[in-house]
Structure formats: structure tokens, C-alpha cells
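Okay, structure first, notes after.
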Amino acid sequence: MALHRLASITIGVPNVEETSAYYAEFGLSRDGTTFSTSDAGEQLRIVENPCRRLIEMSIGVDDPDDLDRANKRLTRLGTTVQRDPVSVSAVEVHSGARVEMKVLPRISQDPAVMEPYNGPGRPDRQNARAPGILREAPIRPCKLGHVVIGTPDAEASQRFFVDGVGFKVSDQVRGAAAFMRCSTDHHNLLLQPSPVAFLHHTSWQVEDVDEVGRGAMRMLEGHPERHIWGLGRHFIGSNFFWYLRDPAGNFSEYYSDMDTITDDQLWTPGTWEPSLRALYAWGPDVPPSMLEPEDLADLMAATHQG
Ligand SMILES: [Fe+2]
């Protein structure tokens with residue numbers, strides 16, 4: 001049948017304990033250095049690595065035929081593939097990320113309650129305060145949505161993920177980024193050209209825009225230095241976003257209301273020229289660190305030592 005979900009990721013950082021404490025505070029359920037979301041189980045593992053980067057991503061497929069097809073496609077690209085009865089894996093050499101595909105059940109999420117929103121001539125919530133202002137519970141991300149990595153050869157990396165693994169391109173920005181999906185989410189992976197491989201950000205789904213705001217504000221209490229960019233709404237993908245920085249320098253995003261593509265025939269992939277417009281519909285100015293990591297020199301030094 002097909003690839004159907006981004007199941008989990010392993011990220012490498014030099015400061016495992018400090019970074020783990022951050023993701024527990026971010027709202028993921030912690031068990032040592034493994035973290036779970038409310039709807040999709042274990043989705044993040046943090047391991048020690050001299051520089052921050054994506055070590056591995058795991059992708060769910062429907063059946064062993066999908067594994068056979070992926071094996072064939074990757075082999076045709078000249079990639080070394082490991083195949084066992086339940087999985088196929090290969091390393092994307094430019095980003096250094098290992099990609100594992102395995103047969104997994106599809107994710108099933110209980111529908112979130114649609115809370116009433118008032119609009120002009122549409123007073124759907126009458127004689128009551130908005131539920132979003134009354135919430136007190138800690139933020140619990142529902143699932144891992146996407147991961148964005150820097151790669152020194154974005155074209156070759158994209159060939160690996162699209163022609164090899166089987167991702168589909170939802171939209172692209174010419175010469176800058178391809179938004180790729182392995183599920184019905186608009187994107188689960190984005191590649192950013194960069195002199196060195198690094199992890200740009202991971203993104204975690206929350207219920208709605210109030211949870212994006214609540215989550216970020218709680219993370220910023222006593223830690224204003226964590227703020228990167230938000231609140232805003234992306235143009236490509238449509239999602240509300242707020243980006244924060246973890247202690248290793250990776251960004252973590254709360255998002256809600258991303259486009260979903262359930263029928264490939266009904267979605268027309270777009271190509272945009274590089275512009276801020278392609279990046280966001282509204283929000284604060286884009287900070288330079290979104291476009292180029294502040295620790296680029298350190299990343300390059302660590303990579304070349306490694
Ligand atoms: Fe994102």
C-alpha cells in the first residue's frame with residue numbers, strides 16, 4: 001500500500017540530560033531518554049553525539065510489499081540497503097541520517113472536540129467564555145509532525161527520500177526547500193541546503209492555536225532565551241507555529257491546523273520563488289537564525305573533527 005506515518009526520530013546532542021529535561025517540560029512524556037506523545041507512543045529518543053543532528057528516522061509502512069518496493073528503489077539509486085523480515089533501512093549519506101521503514105499500524109487519533117468560535121453573524125458560542133482561555137492542563141503534544149534538517153547536498157538528499165524511500169513532494173521553494181510527506185500531513189520532512197548537516201527543528205502537533213500559544217508561553221516563563229519565532233501562520237502548509245530553542249540549539253515547534261492531503265489527485269503541488277511570503281502568511285519578522293544556524297561555525301568544526 002504505502003508509507004503512512006513518521007513514526008519516530010532519534011536526535012544526537014552533546015548535552016543529553018539538559019536537552020531531555022527540556023523535552024519533558026515541552027510536554028512529552030519522559031522515560032529516561034525516550035519520549036512519547038499522547039496519540040502516537042514513543043516518538044523521540046535522545047542520544048549523545050558531538051554535534052546536534054538527526055541520527056535516525058523511522059517510517060511506518062503498511063505491509064512487507066512496501067518494504068520490498070523501497071528496497072528496490074533504494075538499490076536502484078546505488079544505496080546500500082539493510083533488509084530483514086520486518087524492516088528496511090539505509091543511510092542518507094549527505095545528512096548522515098539513517099532511515100528505517102517498518103510495518104506498523106496506522107495512527108488513529110480521536111477527533112478533537114470542535115469548540116465553538118464566534119464570527120460575524122455567527123455567534124456559535126453564546127453566553128459563555130471561550131474554552132481556550134479557561135484551560136489549565138499542561139500541554140501534551142499529540143504527535144510528532146515533521147522534522148527539518150540541513151544537508152550539504154539538498155538535491156541528492158531529496159532524490160534519496162523521494163525516489164528511494166518514497167516520500168511525495170507537496171510543495172517546493174525553488175532552490176531552497178522541498179516539503180515532503182510520508183503520511184496525509186502536508187509535510188513530514190523538509191530539507192534545507194546548508195554547508196553542514198544539522199537538525200533545524202522538530203515539530204509537534206497540538207490541538208489548536210490556543211495550545212500553540214499556551215505551550216510556548218509556558219516554555220518562556222523564566223526562559224525568554226528560548227523564544228525563536230511565533231506566533232505566526234505558515235503559508236506553505238498553513239499551520240500556526242511557534243518555534244522555541246532547546247539547550248542543544250535545535251528548534252522545537254508547536255503547531256496546529258496543518259493542511260492534510262488525503263487524495264493525491266486533489267492536491268496541486270506548488271513551486272514558489274524563495275521569498276519571505278513563501279515562509280509565512282503572517283507573524284513577527286523572520287529571525288536570521290531560522291535561515292542560518294547561529295552555531296554554524298561550531299557545527300562545521302564538530303563535523304570536520306568527527
Ligand atoms: Fe516546521
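Quick note: numbers below take in every heavy atom, side chains included, and nothing from hydrogens, waters or symmetry partners.
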Tell me whether [X] contacts the main-chain N or O of [Y] through its side chain, where contact means a donor paired with an acceptor under 3.5 Å.
| X | Y | answer |
| --- | --- | --- |
| D246 | N250 | yes |
| S194 | A197 | no |
| E18 | P247 | no |
| R129 | L134 | no |
| E100 | V88 | no |
| H234 | L279 | yes |
| R140 | G27 | yes |
| E207 | V113 | no |
| R73 | G164 | yes |
| H4 | V61 | yes |

Do [X] and [Y] belong together in a cluster built from hydrophobic side chains that touch within less than 4.5 Å?
| X | Y | value |
| --- | --- | --- |
| F241 | V148 | no |
| F160 | V81 | yes |
| L77 | V93 | no |
| L244 | F198 | no |
| I133 | I139 | no |

Is [Y] close to [X] at the side-chain level, that is, under 4.5 Å between some pair of heavy atoms?
| X | Y | value |
| --- | --- | --- |
| V169 | Q158 | yes |
| E253 | H146 | yes |
| L67 | V103 | yes |
| L191 | M180 | yes |
| R52 | P293 | yes |
| M101 | L74 | yes |
| L3 | D66 | no |
| M290 | Y280 | no |

Of all the heavy-atom pairs spanning [X] and [Y], show the shortest one and how long it is.
| X | Y | result |
| --- | --- | --- |
| A97 | R53 | N-NH1, 4.3 Å |
| A302 | P50 | CB-O, 4.4 Å |
| I228 | P287 | O-CG, 3.3 Å |
| R135 | D210 | NH1-CB, 3.5 Å |
| W242 | A216 | CD2-CB, 3.2 Å |
| S170 | I261 | OG-CD1, 3.6 Å |

I'd like to know whether [atom1] of [X] has more than 12 heavy-atom contacts from other residues, nucleotides or ligands below 6.0 angstrom.
| X | atom1 | result |
| --- | --- | --- |
| K168 | NZ | no |
| R122 | CZ | yes |
| D263 | CG | yes |
| D124 | CG | yes |
| E155 | CD | no |

Under a 4.0 Å N-O cut-off, is there an ion pair linking [X] with [Y]?
| X | Y | answer |
| --- | --- | --- |
| D295 | R245 | no |
| R214 | E211 | yes |
| R233 | D257 | yes |
| D264 | R181 | yes |
| E17 | R30 | yes |
| D185 | R5 | no |

(message) Which label fits Y22 and F26: parallel for a plane angle under 30°, tilted from 30 to 60°, or perpendicular past 60°?
(response) parallel
(message) Which label fits H187 and F179: parallel for a plane angle under 30°, tilted from 30 to 60°, or perpendicular past 60°?
(response) perpendicular
What distance separates [X] [atom1] from [Y] [atom2], expressed to the nearest 0.5 Å?
| X | Y | atom1 | atom2 | answer |
| --- | --- | --- | --- | --- |
| R45 | S58 | CZ | OG | 10.5 Å |
| Y243 | L231 | OH | CG | 11.5 Å |
| L190 | Q172 | CG | CD | 10.5 Å |
| L144 | S203 | CG | OG | 8.0 Å |
| T271 | I236 | OG1 | CD1 | 9.0 Å |
| L44 | E42 | CG | CD | 10.0 Å |

(message) What verdict does the side chain to side chain contact (heavy atoms under 4.5 Å, CB included) test give for S95 and L54, after you've listed the backbone C-alpha separation in whole Å, the side-chain angles of each residue and the deciding distance to 0.1 Å?
(response) CA-CA 8 Å; S95 63; L54 179 68; over 6 Å; no
(request) Could you walk me through whether L296 and V196 pass side chain to side chain contact (heavy atoms under 4.5 Å, CB included), step by step? (result) CA-CA 8 Å; L296 185 58; V196 66; 3.7 Å; yes
(request) Applying ring-ring contact (aromatic ring centres under 6.0 Å, His included), run through W229 and F251 and close with a yes or a no. (result) CA-CA 10 Å; W229 192 32; F251 300 162; 9.9 Å; no
(request) Show the numbers, then the answer: is there a side chain to side chain contact (heavy atoms under 4.5 Å, CB included) between S252 and T202? (result) CA-CA 5 Å; S252 62; T202 59; 4.1 Å; yes
(message) Hydrogens and angles aside, do R98 and S89 bring a side-chain donor and acceptor to less than 3.5 Å of each other?
(response) yes
(message) For D171 and W267: C-alpha separation, side-chain torsions, deciding distance, then whether side chain to side chain contact (heavy atoms under 4.5 Å, CB included) applies.
(response) CA-CA 10 Å; D171 281 314; W267 179 264; 3.4 Å; yes
